[in-house]
Every structure is written in structure tokens, then in C-alpha cells.
Amino acid sequence: MGLLKKFIRFFIIGVLLFAGAVIVYLSTAFYYDDVAALQKRNPGKTAFMTHRESSGNSRGSRTGRSSRCTCRSRGSPPMPRRPS
């Protein structure tokens with residue numbers, strides 16, 4: 001009888017640890033942003049960009065932003081490179 005109790009206790013602890021690991025793994029999906037949408041569309045203006053634009057407009061300077069594609073070789077050195 002003692003061996004069966006130990007087995008049941010070990011099994012319950014294992015199930016609880018596995019369930020805890022699954023909950024932690026699934027909770028990371030809600031914590032991190034989904035960056036897959038950035039492949040299809042560029043992000044909009046941030047609050048800081050809007051603030052700089054409004055402060056520039058109040059001073060009378062021309063503000064604008066442009067998007068350009070650049071070569072990977074001109075990017076930041078720590079930028080991850082995907083194999084072609």
C-alpha cells in the first residue's frame with residue numbers, strides 16, 4: 001500500500017508541474033507582442049512622433065517622415081541576419 005501512495009503522490013505532483021509549465025508557456029503568448037503583422041503593414045505614428053510633429057508645427061518648421069528600404073549591409077551590426 002505504501003508503494004501505491006508514493007506512486008499516486010509522484011503522479012499528482014508530475015501532473016501539477018506539467019500543468020504549471022503549460023500555463024506559464026501559454027501566458028507568454030499574451031505578454032509578448034505579435035510581430036507577424038509587421039510583415040504585411042508598417043506601424044503608424046507613435047505618441048512621441050505625434051508630439052514632435054505638433055511641437056514642430058507650433059514652431060513653424062516643416063516636419064515629415066519618410067519610409068525607405070535600405071540594404072542589410074547598411075543596418076546595425078547587431079541586427080539579426082536571416083540566411084538568404
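These values consider heavy atoms only, across backbone and side chains, with no hydrogens, waters or symmetry-generated copies.
- Taken from CD1 in I23 to OG1 in T28, the straight-line distance is 12.5 Å, to the nearest 0.5 Å.
- Taking the six-membered ring for Trp and thresholds of 30 and 60 degrees, F11 and F7 have nearly parallel ring planes, at less than 30 degrees apart.
- I8 is linked by a side chain to side chain contact (heavy atoms under 4.5 Å, CB included) to L4, I12, counting only residues two or more places apart in sequence or in another chain.
- In the hydrophobic clustering, Y25 connects to F18, V22, L26, either directly or through intervening members, whenever side-chain heavy atoms lie under 4.5 Å apart.
- Between R52 and F48, some side-chain heavy-atom pair lies under the 4.5 Å cut-off.
- Other members of the cluster containing L17 are I13, with ILVMFWY side chains joined at under 4.5 Å, either directly or via other members.
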